[in-house]
Amino acid sequence: MSKDIEIPQGKRTKFYRFFEILPAFLSYGAIILMIVLSIISPFWASVYLVFIISTLLVKAVGVAYRTFGGYRKMNQALKVDWENRLTQLENPHESYCRVKDYSQKDSSRSFDFKKHCENLRRISAEDNFLKPSRVINAVIVAAYNEPYEVIQPTIESLKNAKYPKENLVVFLAYEERGGKNIEETAYRLKAEFSHIFKDFEIVKHPKDLPNEVIGKGGNITFAGRALKKYCEKNKIPFENVLVTTLDCDNKPHPQYFASATYEFIVRPDRKYYSYQPISLFFNNIWDAPAPMRVLATGNSFWNLVVSMRPHRLRNFASHAQPLDALVEMDFWSVRTIVEDGHQFWRSYFHFDGEYAVVPIMVPIYQDAVLSETFKKTLKAQFIQLRRWMYGASDIPYVANLYFSKNRNVPIVDGLMKLIRLIDGHVTAVFQSPMAAFGGWVPLIVYAASSRSVIVHQLPNVISTLQQVATVGIFITILISLKMLPPRPERYKKRRSLWMVVQWIYMPITSICYNAAAAAYSQTRLAFGKYLDKFDVTEKGRIEDVERAKAERAKKRALKKQKK
């Protein structure tokens, strides 16, 4: 590679360490400042807290508005016949002549119809445009040691895609450290599905490769290099290949590949983009415990929200990127456990700031956290969130490259991105606890001023602001009910009621999971105790939970018999 965009190994420089410590310093500092101000002056403590809560209120209104907008836009995108649009791109001039009159008469004909007509007009004027029939969608499915019952539905969803299978290549990337069972599963799936797609390859990622942390990045990078060799062997141009990475529990909507291919084709500078679908954690949402449902739904809605703000959009979980860009960058980082979000920054600095993420308003469905027991599920959820929150490790990485004498990105744009990155991670730690308990801090700490009107009225003021913010929660609840998959027959109608009541857990999950996971990850980073192992989230099914319950009951019965 022409540029060094890798995370440093070993001992960091003092400058790098400063920015590793900075997130925790600011996060804990914001909480400590509230206590200090409460001791010094209840008035300024109140002003400080009201400012924080007001900011939260504005954000809540914005989130509710964009959630509704994202939901509406996603529904519009799902009604589009993306296959037909790709067919029109095969002969754009003829198609434009046929549809241009419709665009002038009816701007609401379908999702971005006027924009589609403009794309046809522009592409028809090009001499050597990329036809959809020449595009290959390569899918890298990352697996560790998951059973056949988890991975098979994912491959089945690829089979059901409304996209030509002769243009779809599947690479099942599994870990050697996953053991014998995952290897048997890989060969079983290849035998079952190899005739469906253009090709179905299995790639075993060797364990203990040098300079790699134990994580998904090393696995998909190894598979990506195998894909590169595959394309060279079959004389497939790298620039014609769009690579999507999936976890082994991900199920793309049938329209995903056609939609992503369309967005890929209509951009002449397509190498400088990633293509981000909406991750919805709804696969097993009816089976997951209530706290996990709240977190899964909240994370799904956040993905809807950021899809409406492309300047804030980053690579997350499953995403697509052209193979020629990936080859230039040597694929993904093998030195971080958050390779998805980090890929945005690698790409941003590799392409000198000329890089962005395109929202694909079509979902990829993922699993909510579910383990064998409720206790294990609670633990697995925290482990997943602390991994996500370890994205704070990107702050020193970005600062190090941005403030370098060889900076290659725009000054203002790069600085704003760094500020937003810091703000997102820092506020994740202190905002929820401050909203819940901040109003009582001056009353407790400044006991000597018990006659102070400000001190006694602050909890009431904060409570009023919180009540206003609940309007956003009601909107979220309504949309969540509309987005839920059909209720499984094994559950009675009252289960739907619990899908509403569950939101009483929101304050608890916000503090005990989101804020605590962010604090944990930032503290580890500040002390140089780096997270260097990707803890795989348990992707259970209700059948697995019921089986585990039956086995535990059987063991208890045997113990009683022995007694």
Side-chain angles (χ1 to χ4, degrees), residues 67 71 143-147 149-154 157 246-253 278-304 316-318 363-389 473 476-517 535-552:
T67 299
Y71 170 71
Y144 172 53
N145 62 353
E146 294 80 4
E149 290 75 17
V150 169
I151 307 175
Q152 191 274 344
T154 294
S157 71
L246 299 177
D247 286 345
C248 62
D249 65 314
N250 295 175
K251 298 176 183 63
H253 188 279
I278 301 170
S279 295
L280 300 180
F281 298 86
F282 288 165
N283 278 345
N284 59 345
I285 193 72
W286 287 94
D287 301 325
M292 279 64 261
R293 294 199 301 266
V294 171
L295 287 164
T297 305
N299 290 328
S300 299
F301 283 169
W302 179 248
N303 293 328
L304 268 179
F316 175 74
S318 301
I364 287 183
Y365 298 99
Q366 301 181 215
D367 283 357
V369 176
L370 179 62
S371 189
E372 293 178 354
T373 65
F374 182 67
K375 184 178 179 180
K376 286 184 177 180
T377 300
L378 293 177
K379 181 179 179 181
Q381 180 68 83
F382 184 82
I383 290 172
Q384 182 192 63
L385 288 174
R386 80 177 183 188
R387 185 181 75 240
W388 289 359
M389 294 300 182
I473 297 178
T476 299
I477 293 173
L478 290 174
I479 296 176
S480 71
L481 294 175
K482 286 181 172 292
M483 290 180 65
L484 283 175
R487 173 172 50 84
E489 293 183 2
R490 60 180 172 270
Y491 293 120
K492 296 181 180 180
K493 289 184 179 180
R494 64 172 176 265
R495 185 76 170 183
S496 299
L497 175 63
W498 290 114
M499 290 294 185
V500 177
V501 177
Q502 69 187 20
W503 289 95
I504 62 174
Y505 284 106
M506 189 173 181
I508 299 172
T509 57
S510 296
I511 297 171
C512 297
Y513 277 98
N514 292 327
D535 293 301
V536 179
T537 303
E538 294 188 51
K539 301 174 175 66
R541 297 290 184 273
I542 191 62
E543 295 82 1
D544 302 325
V545 175
E546 295 299 331
R547 191 182 304 113
K549 286 182 180 179
E551 289 177 358
R552 289 196 300 272

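Fair warning: this is a prediction, and the values are worked out from it, not measured in the lab.
- Between Thr154 and Asp247, every side-chain heavy-atom pair lies at or beyond the 4.5 Å cut-off.
- Distance check, rounded to the nearest 0.5 Å: CG of Leu295 to CD1 of Ile508 gives 11.0 Å.
- Tyr505 is linked by a side chain to side chain donor-acceptor pair (under 3.5 Å) to nothing, counting only residues two or more places apart in sequence or in another chain.
- Between Leu378 and Ser371 the shortest side-chain heavy-atom distance does not fall below 4.5 Å.
- Summarising the local packing, CE of Met506 is surrounded by 12 or fewer heavy atoms from other residues, nucleotides or ligands at distances under 6.0 Å.
- Gln366 contributes atom CD, which lies 4.0 Å from atom CG of Asn250 (distance to the nearest 0.5 angstrom).
- Here the CD atom belonging to Gln502 is positioned 5.5 Å from the OG1 atom belonging to Thr297, to the nearest 0.5 angstrom.
- Side-chain contact between Met499 and Leu481 is present, with at least one heavy-atom pair separated by less than 4.5 Å.
- Across all their heavy atoms, Leu304 and Thr67 have their closest contact at CD1-O, 4.2 Å.
- Distance alone, capped at 3.5 Å, is enough to place a donor-acceptor pair between the Glu146 side chain and the Tyr144 backbone.
- Note: Ser279 OG to Trp302 CH2 = 14.0 Å, rounded to the nearest 0.5 Å.
- Put simply, the side chain of Tyr513 does not reach to within 4.5 Å of the side chain of Gln384, judged on heavy atoms.
- In this structure, CG on Asp287 lies 9.5 Å from CZ on Arg293, to the nearest 0.5 angstrom.
- Between atom CG of residue Leu385 and atom SG of residue Cys512 there is a gap of 12.0 Å, rounded to the nearest 0.5 Å.
- Asn284 pairs in a side chain to side chain contact (heavy atoms under 4.5 Å, CB included) with only one of the listed residues (Asp367, Val369, Asp249), which is Asp367.
- Side-chain contact between Ser480 and Trp503 is present, with at least one heavy-atom pair separated by less than 4.5 Å.
- With contacts defined as side-chain heavy-atom distances shorter than 4.5 Å, the pair Pro291/Gln381 does not qualify.
- The side-chain heavy atoms of Arg490 and Trp286, taken from C-beta on, include no pair separated by under 4.5 Å.
- For the ring pair (Phe, Tyr, Trp, His ring centres under 6.0 Å) test, residues two or more places apart in sequence or in another chain that qualify with Phe281 are Trp388.
- For the pair Asn303/Leu280, no side-chain contact is recorded, criterion being any heavy-atom separation below 4.5 Å from C-beta on.
- Between Ala288 and Arg495, the shortest heavy-atom contact is O-NH2, 3.8 Å.
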